A.B. asks: 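Sharing a structure with you now.
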Amino acid sequence: MKFNVSGKTLYDRLSAVSKVVNSKNTLSILDNFLLSVKDNVLSITGSDQENVVTASLEVFDASEDGAVAVNAKRFLELAKEVSSQPLVIDVDLNTFNVNVEYLSGHFNFIGVNPAEFPQKEEQDTEVTADFSLPASEVRRALEMTLYAVSTEQIRPMMTGVLWDIEESKVTFVSSDTHKLVRYANTSAAPGVKTSFIMPSKPASVIKSLIGKEDMDVHIVADTKGASFEFDGYKISCRFIKGNYPPYNRVIPVDNPFSLTVDRQTFLTGLRRASLLASNHSLVRLDISASEIKITGQDLDYSTLAVDRVSCEYSGNPITIGFNAQFCQEVLSNMTCEMLKLDLSDPARPGVFSPLEQGEDENLVVILMPMQVIE
């Protein structure tokens, strides 16, 4: 098996697939990429058993079809060093000896029998949904939600992003019980109704691989998992088992108090005040008609930081506390200029949303309060 390939294209595809390969694997074969050539198309596959990423690219003058497994870390490093050159890759399909020729030299090493690489399980459940979504909407939805995914395995359902698909809209939800993000978009009409919980790892991989090109993500789901295809990539993953909590029930409605504030100014004030807060945790917000007084304090070390931010507020003056880190995460991951914060009581969640929602989209973030000790 011998073929020519662009060094840059090869390195870009290897870098993308490497995102799914773990640094330590229980099965040593998973330390490898599977390289497979068929009809002048090279497929590069990586897996961690739960998730599989395959990238395809065109090669030239392929002598025959075949496959070999190569150490992922080593091959990625080699490809990086010669990424600016055309390459000729020659694989002996009997001994799995791999020779990579470049302009001024060559690399030679022994690969692994491709038969050892785990094959994708045959689909044993019928397809429950087959649809496409604009890639730009998928990327934006994951950008809006991934930061709020829980890392605590005690609640496995919360360690992924919920895809709640309806015929006329899509909704993405994530929560770590301290904060909850709900992002809905009606610009795409999938025409199907389904829902699943996608683990954070493949969601992060998809988000990182989607470019700015105008294209669709083709999604095929069954009861156990799904595949996502776009721009020469195919990502397959298994779903997280279980039912996601009824997220709409925990989002407060009819909040009587509402403030609007410049998001970046508010974020800057939070960062300053939290510098002297106890373990950078609680910040106190004293909200009045035209101002938010932000206080961070550590009584053990006698430190105090106070910052004031102008706002527009309708309602009774209120004092509420939030975790400084969580509040900063919420503001940092929103992209609006002006922010709206709806409140009802110091013991009830704050509801964050853009003052002006994007066309065909709706973003709501709730953040649980912390007790403020006078």
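Values reported hereafter were calculated over all heavy atoms of this structure, with side chains retained and with hydrogens, waters and symmetry mates removed. Only a predicted model underlies this, so the values are computations on that prediction, with no experimental measurement involved.
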A.B. asks: Which residue pairs pass the salt bridge (charged side-chain N to carboxylate O under 4.0 Å, His left out) test with at least one member in residues 240-258, sequence neighbours excluded?
C.D. replies: none
A.B. asks: What heavy-atom pair brings Val149 and Val161 nearest, and what distance separates the two atoms?
C.D. replies: CG2-CG2, 3.7 Å
A.B. asks: Tell me whether the rings of Phe196 and Phe228 are parallel (<30°), tilted (30 to 60°) or perpendicular (>60°).
C.D. replies: perpendicular
A.B. asks: So which of Thr145, Val351, Ile251 actually passes side chain to side chain contact (heavy atoms under 4.5 Å, CB included) with Leu180?
C.D. replies: Ile251
A.B. asks: Verify the neighbour count for atom CD1 of Ile154: are there more than 12 heavy atoms of other residues, nucleotides or ligands below 6.0 Å?
C.D. replies: no
A.B. asks: Just one of Lys201, Gln49, Glu50 clears the side chain to side chain donor-acceptor pair (under 3.5 Å) bar with Asn22, so which one?
C.D. replies: Lys201
A.B. asks: Can you find a side-chain donor-acceptor pair between Thr54 and Ser43 that sits under 3.5 Å?
C.D. replies: no
A.B. asks: Atom CE of Met157 and atom CD1 of Ile240: how far apart are they, to the nearest 0.5 Å?
C.D. replies: 9.5 Å
A.B. asks: When you measure from the centre of the six-membered ring of Phe326, is the NZ or CZ of Lys179 under 6.0 Å away and within 45° of the axis?
C.D. replies: yes
A.B. asks: Let me have the donor-acceptor pairs involving side chains of residues 360-371, under 3.5 Å, with sequence neighbours excluded, atom names and distances please.
C.D. replies:
{"residue": "Glu361", "atom": "OE1", "partner": "Arg140", "partner atom": "NE", "Å": "2.9"}
{"residue": "Glu361", "atom": "OE1", "partner": "Tyr183", "partner atom": "OH", "Å": "2.6"}
{"residue": "Glu361", "atom": "OE2", "partner": "Arg140", "partner atom": "NE", "Å": "3.4"}
{"residue": "Glu361", "atom": "OE2", "partner": "Arg140", "partner atom": "NH2", "Å": "3.0"}
{"residue": "Asn362", "atom": "OD1", "partner": "Arg182", "partner atom": "NH2", "Å": "3.4"}

A.B. asks: Ring-plane angle category for Phe33 and Phe75, please: parallel below 30°, perpendicular beyond 60°, tilted otherwise.
C.D. replies: perpendicular
A.B. asks: With sequence neighbours left out, write down each residue that passes side chain to side chain donor-acceptor pair (under 3.5 Å) with Ser310, or none if nothing qualifies.
C.D. replies: none
A.B. asks: With a 4.5 Å heavy-atom cut-off, do Leu304 and Asp298 have their side chains touching?
C.D. replies: no
A.B. asks: I need the Lys293 NZ to Leu285 CG distance, nearest 0.5 Å.
C.D. replies: 11.5 Å
A.B. asks: Is the shortest side-chain N to carboxylate O distance from Glu291 to Arg308 below 4.0 Å?
C.D. replies: yes
A.B. asks: More than 12 non-hydrogen atoms from neighbouring residues, nucleotides or ligands closer than 6.0 Å to CG on Asn243, yes or no?
C.D. replies: no
A.B. asks: Please say whether more than 12 non-hydrogen atoms of neighbouring residues, nucleotides or ligands are located less than 6.0 Å from CD in Glu337.
C.D. replies: no
A.B. asks: Tell me, please, whether Tyr233 has Arg13 positioned over its six-membered ring: NZ or CZ under 6.0 Å from the ring centre and within 45 degrees of its axis?
C.D. replies: yes
A.B. asks: Please check if the number of heavy atoms outside Gln357 that lie under 6.0 Å from its CD is greater than 12.
C.D. replies: yes
A.B. asks: Output the distance between atom OG1 (Thr260) and atom CE (Met338), rounded to the nearest 0.5 Å.
C.D. replies: 5.0 Å
A.B. asks: If we count only N and O atoms by modelled type, under 3.5 Å, do the side chains of Ser187 and Asn185 hold a donor and an acceptor together?
C.D. replies: yes
A.B. asks: Does any donor atom in the side chain of Asn4 or Asp61 lie under 3.5 Å from an acceptor atom in the other side chain?
C.D. replies: yes
A.B. asks: Return the CG to CG distance between Leu355 and Leu341, rounded to the nearest 0.5 Å.
C.D. replies: 12.0 Å
A.B. asks: Which residue is it: Ile165, Ile219, Asp130? I am looking for the one with a side chain to side chain contact (heavy atoms under 4.5 Å, CB included) to Val192.
C.D. replies: Ile165
A.B. asks: Are Arg272 and Asp307 ion-paired here, with the side-chain N under 4.0 Å from a carboxylate O?
C.D. replies: yes
A.B. asks: Should the pair Asp176-Arg155 be classified as a salt bridge under the 4.0 Å nitrogen-to-oxygen rule?
C.D. replies: no
A.B. asks: Does a donor on one side chain sit under 3.5 Å from an acceptor on the other, for Tyr244 and Asp164?
C.D. replies: no
A.B. asks: So, taking the atom named OG1 in Thr45 and the one named NZ in Lys234, what distance separates them when rounded to the nearest 0.5 Å?
C.D. replies: 9.5 Å
A.B. asks: Just verifying a value: how many Å separate Arg284 CZ and Ile320 CD1, rounded to the nearest 0.5 Å?
C.D. replies: 12.0 Å
A.B. asks: Please report the closest heavy-atom contact between Ala273 and Ala305, naming both atoms and the distance.
C.D. replies: O-CB, 3.6 Å
